[in-house]
Amino acid sequence: MRPTDQQRDGSNIFLTATILLANLDYSGLLDYALKALIGGAIWFGCKITADHISRHKQKKS
């Protein structure tokens, strides 16, 4: 029984991902993810605050 093209593509993707992730520094990745999450939360808070102030100014005028 021969594998279909879809099965071969999935196998190739899995092999490539395994090779690329083999040398990944997981502790560094965890630190980066935590910093990115905190930075994203700060950015989101600033964006929400700026939108609120903008809407407030539009209502006044």
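Note that the structure is a prediction, hence the values are computed from the model and not measured.
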Residues that I19 engages under side chain to side chain contact (heavy atoms under 4.5 Å, CB included), provided they are two or more places apart: L15
Inter-residue atom distance T49.OG1 - F44.CZ, 0.5 Å rounding: 10.0 Å
Pairs meeting criterion salt bridge (charged side-chain N to carboxylate O under 4.0 Å, His left out) with involvement of residues 36-54, two or more places apart: K47-D51
Verify same cluster id: W43, I48 (apolar side-chain graph, 4.5 Å): yes
Approximate separation, where rounding is to 0.5 Å, of L21 CG and T16 OG1: 10.5 Å
Rounded distance (nearest 0.5 Å) linking atom NZ of K35 with atom CG of L30: 11.0 Å
